[in-house]
Amino acid sequence: MTRMLIIGPPGSGKGTQAQRISERLGIVAISTGDIFRANVKGGTALGREAKKYMDAGDFVPDSVTNEMVRSRLSEDDVENGFLLDGYPRTTAQVDYLDEVLAGGEQLLDVVLQLTADDDELVHRLLGRAKEAGRSDDNEAVIRHRLDLYHEQTEAVVAKYAERGILRKVDGHGGIEDVTDKIMGDIQSPSRVSIAGGR
Ligand code: AMP
C-alpha cells in the first residue's frame, strides 16, 4: 500500500513517470490535468470551466479542483493506494488534501519531486507542443506555467520536506533510467525515517 504524490514542473516527465510508477506499484494514478483534459474533450461543464484557465496556463480555481479530487479519492480503486499527479499545486490544496485524507484516517507515505532546469523544460515542452498540439504549450504559456510552479508549487514541496516525506529525483535522462531511480528511491528503507528536511 502506497499513498504518494508526484510533483514536478511542466515538462519534467511527471505524467509519464506517474503512469510507470503506478503500474510497478500496482496503485492507481490520478492526474488532475488528465481529468481536466478528458472533460474538455468530452465537452462537459467542468471541461468548459477548466479550459479557460488551462489555455492561459493558469491554475483552475480550488473551488473546482478540490471537489473533483475529493470525489475521485472516494472511489473504490484507491483502497490499495494511489499516486496523485499534479495535485496539490498550492499550499491551500495541501491543507485541503490533508483534510480529505484525515477524514479517511489516511496519511501520505511519500512525496516525490522530479527536478529539471527551466531551459531544458522549455525546450522539451516546445517539442511536445509540435507533436501533440496541446493548446497550453506555446512559449508564453509555458513560461507562465513555469513561473507558477516556482511561485506556488515550490512552497508545496517545502511543506512536505518539513514533514520528512519528500524525496527528490533528477528528471534528466532516459525514461527507463528515471523510473529506476524513482523506484530505488521510494523503496529504500530510509524512506520510513522520521528525520525531516530531506
Ligand atoms: P498538468 O497536465 O498537470 O500539467 O495540468 C494541466 C493544467 O491543468 C494546468 O496547467 C492547470 O491549468 C490545470 N491543473 C492541473 N492540476 C491542477 C491543480 N492541482 N490545480 C489547479 N489547476 C490544475
Side-chain angles (χ1 to χ4, degrees), residues 3-22 28-73 78 82-101 108 111-116 118 120-160 171 175 178 182:
R3 297 187 196 93
M4 65 177 285
L5 311 179
I6 185 164
I7 300 180
S12 60
K14 75 181 164 55
T16 305
Q17 293 300 335
Q19 281 303 329
R20 297 171 62 86
I21 300 300
S22 68
V28 64
I30 300 172
S31 155
T32 43
D34 280 354
I35 300 175
F36 285 135
R37 279 185 289 277
N39 276 278
V40 170
K41 214 171 163 193
T44 67
L46 175 73
R48 280 194 297 278
E49 177 69 10
K51 189 176 190 310
K52 296 187 270 186
Y53 300 94
M54 294 170 81
D55 283 354
D58 285 325
F59 290 158
V60 177
D62 283 358
S63 53
V64 176
T65 310
N66 284 342
E67 259 323 298
M68 183 177 91
V69 170
R70 179 192 286 276
S71 147
R72 182 63 187 85
L73 287 178
V78 302
F82 57 80
L83 195 179
L84 263 177
D85 160 15
Y87 182 96
R89 266 170 150 98
T90 63
T91 53
Q93 291 182 0
V94 173
D95 295 341
Y96 187 85
L97 180 63
D98 283 345
E99 256 180 61
V100 171
L101 294 179
L108 288 174
V111 173
L112 184 98
Q113 183 190 22
L114 264 189
T115 59
D118 279 10
E120 167 72 16
L121 294 169
V122 173
H123 177 76
R124 282 194 203 173
L125 286 165
L126 287 173
R128 185 169 89 185
K130 278 202 197 110
E131 276 167 35
R134 264 178 64 154
S135 56
D136 56 356
D137 272 350
N138 68 63
E139 185 157 0
V141 172
I142 287 168
R143 295 255 175 221
H144 180 54
R145 289 166 65 215
L146 275 173
D147 287 347
L148 273 184
Y149 180 79
H150 293 306
E151 286 163 20
Q152 307 247 6
T153 309
E154 281 176 355
V156 170
V157 171
K159 274 202 156 201
Y160 291 119
I175 290 175
V178 175
I182 295 172

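Keep in mind the model is a prediction, meaning the values are calculated, not measured. Basis for what follows: all heavy atoms, side chains included, without hydrogens, waters or symmetry-related copies. When a ligand or atom number is given, it counts from 1 through the structure's own listing order.
The CG atom of Leu73 sits 7.0 Å away from the CG atom of Leu97 when rounded to the nearest 0.5 Å. Atoms OG and CZ, from Ser31 and Phe36 in turn, are 9.5 Å apart once rounded to the nearest 0.5 Å. Interatomic distance, CG of Leu126 versus CD of Glu139, reported as 5.0 Å (0.5 Å rounding). Taken to the nearest 0.5 Å, the NE2 atom of His123 stands 11.5 Å off from the CD1 atom of Ile142. The distance from the NZ atom of Lys14 to the CG atom of Leu112 is 12.0 Å, given to the nearest 0.5 Å. Residue Leu108 holds its CG atom at 7.5 Å from CG of Asp98, rounded to the nearest 0.5 Å.
Those atoms of ligand 1 with a heavy atom of Thr32 less than 4.0 angstrom away are 15 (C), 16 (N), 17 (C), 19 (N). Within ligand 1, counting atoms from 1 as listed, the ones closer than 4.0 Å to a heavy atom of Asp58 are 11 (C), 12 (O). Numbered from 1 in the order shown, with element, the atoms of ligand 1 that lie under 4.0 Å from a heavy atom of Gln93 read 18 (C), 19 (N), 20 (N), 21 (C). Near Tyr87, meaning under 4.0 Å from any of its heavy atoms, are these atoms of ligand 1: 19 (N). Those atoms of ligand 1 that come under 4.0 Å of a heavy atom in Gly33, given as number and element, are 2 (O), 5 (O), 15 (C). Less than 4.0 angstrom separates some heavy atom of Arg145 from each of these atoms of ligand 1: 4 (O), 10 (O).
Residue Lys14 has at least one N or O atom closer than 3.5 Å to an N or O atom of ligand 1. Some N or O of Gly86 is nearer than 3.5 Å to an N or O of ligand 1, by distance alone. Between Arg37 and ligand 1, a contact under 3.5 Å exists for at least one N or O pair.
Considering all non-hydrogen atoms of both residues, Leu83 and Ala18 come closest at CD1-O, 3.5 Å.
Neither the backbone nor the side chain of Asp34 has a heavy atom within less than 4.0 Å of ligand 1. Residue-level proximity to ligand 1 for Phe36 is carried by the side chain, the only part with a heavy atom below 4.0 angstrom. Under 4.0 angstrom from ligand 1, the non-hydrogen atoms of Val60 come from both its backbone and its side chain.
Checked by atom type and distance alone, the side chain of Glu120 never pairs as donor or acceptor with a backbone atom of Ser12 at under 3.5 Å.
Enclosure of atom NE2 in His150 by more than 12 non-hydrogen atoms of other residues, nucleotides or ligands within 6.0 angstrom is indicated.
Nearest to atom 1 (P) of ligand 1 by heavy-atom distance, out of Met54, Arg89, Lys51, is Arg89.
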